[in-house]
Each structure stands twice: as C-alpha cells, then as structure tokens.
Participant: 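To start, I am sharing the structure in question, which I have written as structure tokens.
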Amino acid sequence: MTEETVLSQFPSPRHNHRRCIADAMADAEKHCRTHGLRLTPIRRRVLELIWQDHVPIKAYDLLSLLQQEGHKAAPPTVYRALDFLIDAGVVHRLDTLNAFVGCVDPATDHSGQFFICTQCQMVAEIRSTSIGQAIEKEAVKVGFRVRSRPMEIPGLCPRCANH
C-alpha cells in the first residue's frame, strides 16, 4: 500500500451496498478466524448493523435495532460486543460523534483518519502515514507519548458540498 491510502470513499449514488456489506463481513470473519477470535452471533449482528449504512451509529441506536428484532439485549450486551469488535480491529469508535463505523481494512493495523460530513454524517476513512509521522514528530518535541492517532476531520462530502 502507498503511504497515503484512501480506505473508503463517500459512496456514489451507484454504490452497491449489498456487496459492500458482504465484503466487509467476509473480511471481518476472516480477520477474526486468523486471530483466533470468536465472532458470536450477537457480535456478528452488531457488526452487520454497523455496516448497514455508511453513517456512524450510536450504541443505543444499535440496542434499539436489536430489540426491534426481538433480541433481549441490554446496554451491557451492546457495549461488550462493541468492545470486542473494536479490540478485534473490525470497528472504529468516532469520539466526536460517540458513534461507531466498520473498519474497511481490518487486516492492517492502523488508527485511521476519518473525514466526517457535518451535513449527512457519512464517513470516509483514509490512512496517511505522513500525518501519523508528523504527529509523532511533534509529540517527541514536547515529550509526549502518543497511544493512538485516530483523527476525525469535519467537513462536507462531495454530494453535500455540491448542493
């Protein structure tokens, strides 16, 4: 992969979302198998719900969807599933939105940078080693040890910027 990599783009109107979900789930299942992680039915369903749209989803919205489907889920159930999925590297938490998105490249360890549309809430994920290196360089200057480097950049996606 190149130094600057676009991992996901804002979906076009012709985006095949069924295929997108199928690919994401297959990648997550493979990643979990490779790392000896168990993708239980509830974890799998939470991941499918996260991938149902390219808009980040909040934990209580996941809980509501699960309950509508007849699951006897409670907040701890959802939070445990989310913790597992984040630790497994198949989901990212977006702190500014207090919401979750699926990781499009779970096989590669990365913090990711996220462009978040402030109008429609869609998210695109990129991985830029130059941004990560710049942050690390500046941290060293002030004696700071960086634990992770996710970045959330607000703005307008192409569709919203053109309206």
Side-chain angles (χ1 to χ4, degrees), residues 1 4-12 15-118 120-129 131-132 135-136 145-155 157:
M1 247 180 235
E4 311 300 320
T5 304
V6 175
L7 297 177
S8 69
Q9 297 183 0
F10 294 104
S12 74
H15 174 68
N16 182 343
H17 196 59
R18 255 192 221 144
R19 173 82 187 246
C20 175
I21 293 170
D23 290 348
M25 292 305 296
D27 289 346
E29 289 168 355
K30 179 180 177 186
H31 179 75
C32 287
R33 260 192 325 274
T34 300
H35 290 87
L37 302 172
R38 188 163 173 254
L39 196 57
T40 63
I42 195 72
R43 292 171 180 168
R44 186 182 203 311
R45 186 62 190 138
V46 167
L47 184 58
E48 288 170 341
L49 291 171
I50 289 170
W51 274 104
Q52 78 180 12
D53 202 349
H54 288 280
V55 175
I57 188 167
K58 296 179 180 288
Y60 275 89
D61 293 334
L62 288 165
L63 176 62
S64 177
L65 291 169
L66 288 169
Q67 290 171 340
Q68 288 172 25
E69 293 177 353
H71 294 277
K72 294 183 187 216
T77 306
V78 173
Y79 282 109
R80 278 193 300 269
L82 288 168
D83 287 343
F84 170 86
L85 296 169
I86 291 166
D87 290 344
V90 297
V91 165
H92 294 289
R93 182 177 191 281
L94 300 177
D95 291 330
T96 57
L97 300 176
N98 192 26
F100 305 87
V101 293
C103 177
V104 296
D105 188 17
T108 305
D109 186 29
H110 63 282
S111 293
Q113 295 90 29
F114 302 91
F115 294 131
I116 303 170
C117 182
T118 55
C120 71
Q121 304 299 305
M122 288 240 197
V123 174
E125 181 180 355
I126 66 165
R127 179 177 52 240
S128 171
T129 54
I131 290 172
I135 290 170
E136 195 66 43
R145 187 171 25 180
V146 176
R147 289 189 4 206
S148 66
R149 292 185 287 287
M151 293 183 69
E152 300 170 30
I153 302 110
C157 72

Participant: Verify, without hydrogens or angle tests, whether Glu125 (side chain) and Cys103 (backbone) share a donor-acceptor contact under 3.5 angstrom.
Facilitator: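 Checking the backbone N and O of Cys103 against the side chain of Glu125, no donor-acceptor pair under 3.5 Å is found.
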Participant: Quick one: pull up CG in Leu65 and CD in Glu48 and give me the separation to the nearest 0.5 Å.
Facilitator: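 Taking CG in Leu65 and CD in Glu48, the distance rounds to 12.0 Å.
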Participant: Looking at side-chain heavy atoms only, is the closest gap between Phe84 and Val91 below 4.5 Å?
Facilitator: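 No, their side chains stay 4.5 Å or more apart.
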Participant: Quick one: which residue pairs count as a ring pair (Phe, Tyr, Trp, His ring centres under 6.0 Å) with a foot in residues 29-52, not counting sequence neighbours?
Facilitator: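 Only His31-His35 qualify under ring pair (Phe, Tyr, Trp, His ring centres under 6.0 Å).
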Participant: Evaluate the side-chain proximity of Ile42 to Leu66: yes if any heavy-atom separation is below 4.5 Å, no if none is.
Facilitator: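 Result yes, sub-4.5 Å side-chain heavy-atom pair found.
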Participant: Take Met151 and Ile135, measure what side-chain contact (heavy atoms from CB on, under 4.5 Å) needs, and give me the verdict at the end.
Facilitator: CA-CA 11 Å; Met151 293 183 69; Ile135 290 170; 3.8 Å; yes
Participant: Are any side-chain N or O atoms of Ser64 and backbone N or O atoms of Tyr60, one a donor and one an acceptor, separated by less than 3.5 Å?
Facilitator: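 Pair absent, no side-chain N/O of Ser64 close to backbone of Tyr60.
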Participant: To the nearest 0.5 Å, tell me how far Gln121 CD sits from Leu97 CG.
Facilitator: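 If I round to the nearest 0.5 Å, the distance is 5.5 Å.
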Participant: Side-chain contact, heavy-atom cut-off 4.5 Å: Arg93 with Asn98?
Facilitator: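 Result yes, sub-4.5 Å side-chain heavy-atom pair found.
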Participant: Hey, could you give me the SG/CZ distance between Cys32 and Arg43, rounded to the nearest 0.5 Å?
Facilitator: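 These two atoms lie 8.5 Å from each other.
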Participant: To the nearest 0.5 Å, what is the distance between CG on Leu94 and CZ on Phe114?
Facilitator: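 The distance works out to 5.5 Å.
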Participant: Taking C-beta and beyond as the side chain, do Leu63 and Pro75 meet within less than 4.5 Å on heavy atoms?
Facilitator: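 Touching, per the 4.5 Å side-chain cut-off.
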Participant: Could you tell me which non-hydrogen atom of Gly102 sits nearest to which non-hydrogen atom of Ile50, and how far apart they are?
Facilitator: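 That would be N-CG2, 3.3 Å.
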Participant: Kindly compute the distance separating CG (Leu62) from CD1 (Ile57), expressed to the nearest 0.5 Å.
Facilitator: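 Nearest 0.5 Å value for the CG-CD1 distance: 4.0 Å.
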Participant: Give the minimum heavy-atom separation between Asp95 and Glu152, together with the two atoms involved.
Facilitator: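 Minimum heavy-atom separation between Asp95 and Glu152: N-OE2, 2.7 Å.
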Participant: Calculate, to the nearest 0.5 Å, the distance between atoms CD and CZ belonging to Glu29 and Arg44 respectively.
Facilitator: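 Output value for this atom pair is 4.0 Å.
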Participant: State, to 0.1 Å, how close Val55 and Cys120 come at their nearest heavy-atom pair, and which atoms those are.
Facilitator: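 Taking Val55 first and Cys120 second, the nearest heavy atoms are CG2-O, 3.8 Å.
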Participant: Just wondering, do His71 and Thr77 contact through their side chains at under 4.5 Å, heavy atoms?
Facilitator: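 Result no, sub-4.5 Å side-chain heavy-atom pair not found.
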